[in-house]
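Every chain is numbered from 1, with letters handed out A, B, ... down the list of sequences. Please read these numbers as outputs of a predicted model, since none were measured by experiment.
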Protein chains: 2
Amino acid sequence: MELLKQNVAKHISLLPDEMERFCGPFILKEVKKKQFLLKAGEVCRFEAFVNKGCFKIFYLDTKGVEHILYFAVEDWWIGDIDSFTTQTPAQLYIEALEDSEIFFISKKDKEELYNNLPKVEKLFRIMGQKTCVALQRRMLSNLSKTADERYIEFITGYPKIAQRLTNLQIAAYLGISHEFLSKIRKKIAGK
Amino acid sequence: MELLKQNVAKHISLLPDEMERFCGPFILKEVKKKQFLLKAGEVCRFEAFVNKGCFKIFYLDTKGVEHILYFAVEDWWIGDIDSFTTQTPAQLYIEALEDSEIFFISKKDKEELYNNLPKVEKLFRIMGQKTCVALQRRMLSNLSKTADERYIEFITGYPKIAQRLTNLQIAAYLGISHEFLSKIRKKIAGK
DNA sequence: TTCATTTATTGAACTTGTTCAATTTTCCCT
DNA sequence: AGGGAAAATTGAACAAGTTCAATAAATGAA
């Protein structure tokens, strides 16, 4: 559980005893490639920390087109915060893109952590702030930049993640067709 | 400070004494129309609760085009969470669209609240979650819907706010030119 | 290794949204 | 109430991105 502990320590400082109590309710799970952790319509009763592997968190629109909200690799958290907090049916899918390992925590156990270990409130308050910042930046990037610029921003900002993804997946994240992404790549390569 | 107290009570329950201690550091400020609370380049040293009026929180891109991240009316919070938490120069502007009233709290006072009143961690943890949910929904809406659909979604989802805004502002929020918004409105009207 | 499936590329026609410029309408301001 | 500025509308030409269809390349399972 070293990676999880390091992740927590980035945001708050816990005593050794507190860290053990924090880690207690997390369960290691293996998730095979193409396996779903969540499908739209289900209620999300968990959150998880990615210890190994890669996931996509996406939305299927009314025409069946996939739109990727984010990719989660090692050291990222996954879950549908909307469904999880309100316990209503999810609109999102979470699918493993590689054979992966996660530390899984149930809604119930997470609530107990909040009650028993007050610093956990601070931890998730800070993590929530960082998520907001990331979403805001992505929103502004989508509002103000062309597809070419967003593609370059993505592959230079997250080169290691980009390498692990197909262009279909990157296009679904950037909000463009994969054919158009292919043309962008050609244009860039010719420079 | 009734509106602020009601807003807090929506998320957590505080004893009367705690509520008073929470409200203590907030200062009522009047903000005239067209006045800026924050400009890009400045460090955001405050957060505020809108008691009356309306604000736009926006980004100016490299070409000088304005992109609106959100509008804040009565019962909303404002601030640049990115600049505020990291104390680095803001990329955002916050400008009053009407004569307004806010309850203002400094970075320093907010940190003291976190230390002296542990429930405040929970309050802002929950508010952060809701902000994430809203940003996620907007992101997915922008990825999956046409400008027409987003316009209808906005004016039906926030009819009271929409009434108070110009079409220039709505276009800058939807991520389209105001000329195109004008054409969308014409098309819709002719139904 | 092979065969089937998925992914990537390309071109042509099309749709969505932009830009620029001109005109009209609305809104302030004193 | 009048005049000036900002906002809204409209049209025409243009650019960005999509769709469809066909082909090539890469991947993966038996």
Side-chain angles (χ1 to χ4, degrees), chain A residues 32-35 53-54 56 58 60-68 71 95-100 141-155 161-191, chain B residues 32-35 53-54 56 58 60-68 71 95-100 141-155 161-191:
Chain A
K32 289 282 171 203
K33 182 170 176 172
K34 297 198 179 176
Q35 193 179 323
C54 181
K56 64 177 172 185
F58 66 99
L60 277 189
D61 72 20
T62 47
K63 288 166 203 139
V65 178
E66 185 175 313
H67 303 278
I68 296 179
F71 300 103
E95 183 185 354
L97 297 176
E98 306 172 357
D99 290 345
S100 304
S141 175
N142 266 266
L143 286 174
S144 66
K145 292 184 175 161
T146 65
D148 305 41
E149 292 168 327
R150 298 202 310 275
Y151 174 64
I152 291 169
E153 186 176 71
F154 181 69
I155 59 168
I161 300 179
Q163 278 172 9
R164 296 160 76 171
L165 303 172
T166 66
N167 290 330
L168 279 156
Q169 289 157 357
I170 294 175
Y173 175 84
L174 296 176
I176 58 176
S177 66
H178 69 280
E179 293 96 331
F180 190 54
L181 176 55
S182 186
K183 285 158 197 172
I184 290 172
R185 285 161 51 79
K186 190 184 182 185
K187 195 173 75 181
I188 292 171
K191 282 183 183 167
Chain B
K32 290 283 171 202
K33 183 171 174 171
K34 298 199 177 176
Q35 193 179 324
C54 182
K56 64 177 173 185
F58 66 98
L60 278 189
D61 72 20
T62 46
K63 288 164 203 141
V65 179
E66 185 176 312
H67 302 277
I68 296 180
F71 299 104
E95 182 184 354
L97 297 177
E98 306 171 357
D99 289 347
S100 303
S141 175
N142 265 268
L143 287 174
S144 66
K145 292 183 174 162
T146 65
D148 305 42
E149 292 169 328
R150 297 202 310 273
Y151 175 63
I152 291 170
E153 186 176 73
F154 181 70
I155 58 169
I161 301 179
Q163 277 171 11
R164 296 161 75 171
L165 303 172
T166 67
N167 290 330
L168 280 155
Q169 288 157 357
I170 295 175
Y173 175 84
L174 295 176
I176 58 177
S177 67
H178 69 280
E179 294 96 330
F180 190 54
L181 175 55
S182 185
K183 285 158 197 172
I184 290 173
R185 285 161 53 79
K186 190 184 181 186
K187 195 173 76 181
I188 291 171
K191 283 187 181 164

Trainee: Only counting residues at least two apart or in another chain, list the ones meeting side-chain hydrogen bond (donor to acceptor under 3.5 Å, both in side chains) with B:Glu66.
Mentor: B:Lys56
Trainee: Just to verify, what does B:Phe71 make a ring pair (Phe, Tyr, Trp, His ring centres under 6.0 Å) with, not counting sequence neighbours?
Mentor: B:Tyr173
Trainee: Checking A:Glu153 now: which residues fulfil salt bridge (charged side-chain N to carboxylate O under 4.0 Å, His left out) with it, not counting sequence neighbours?
Mentor: A:Lys145
Trainee: Would you say C:dT9 has OP1 or OP2 under 4.0 Å from some side-chain N or O of A:Arg185?
Mentor: yes
Trainee: Atom OH of B:Tyr151 and atom P of C:dG17: how far apart are they, to the nearest Å?
Mentor: 15 Å
Trainee: Give the rounded distance in Å between these two atoms: CG of A:Leu165 and C1' of C:dT7.
Mentor: 13 Å
Trainee: Taking side-chain hydrogen bond (donor to acceptor under 3.5 Å, both in side chains) as the test, write out the residues that go with A:Glu149, two or more places apart.
Mentor: A:Thr146
Trainee: Classify every nucleotide of nucleotides 12-30 of chain D by which part a protein heavy atom approaches to under 4.0 Å, writing B for the base, S for the sugar-phosphate alone and - for neither, in 5'-to-3' order.
Mentor: B----BBBB-------S--
Trainee: Determine: side-chain N/O of B:Asn167 to OP1/OP2 of D:dA8, distance under 4.0 Å, yes or no.
Mentor: yes
Trainee: Atom CD of B:Glu98 and atom C1' of C:dC27: how far apart are they, to the nearest Å?
Mentor: 15 Å
Trainee: How many whole angstroms separate atom NZ of A:Lys187 from atom C1' of C:dG11?
Mentor: 17 Å
Trainee: When you compare the side chain of B:Ile188 with that of B:Arg185, does any pair of heavy atoms fall below 4.5 Å?
Mentor: no
Trainee: Can you list everything that forms a salt bridge (charged side-chain N to carboxylate O under 4.0 Å, His left out) with B:Glu179? Sequence neighbours excluded, please.
Mentor: none
Trainee: Work out how much the helix from C:dT1-D:dA30 to C:dT30-D:dA1 bends between its end axes, five pairs an end, to the nearest 10 degrees.
Mentor: 70°
Trainee: Under the rule for salt bridge (charged side-chain N to carboxylate O under 4.0 Å, His left out), what residues qualify as partners of B:Glu98, not counting sequence neighbours?
Mentor: B:Arg164
Trainee: If you look at every strand shown and take non-hydrogen atoms under 4.0 Å, does A:Thr166 touch a base, only sugar-phosphate, or nothing?
Mentor: sugar-phosphate
Trainee: Once ring pair (Phe, Tyr, Trp, His ring centres under 6.0 Å) is applied, do any residues pair with A:Phe180, and if so which ones, sequence neighbours excluded?
Mentor: none
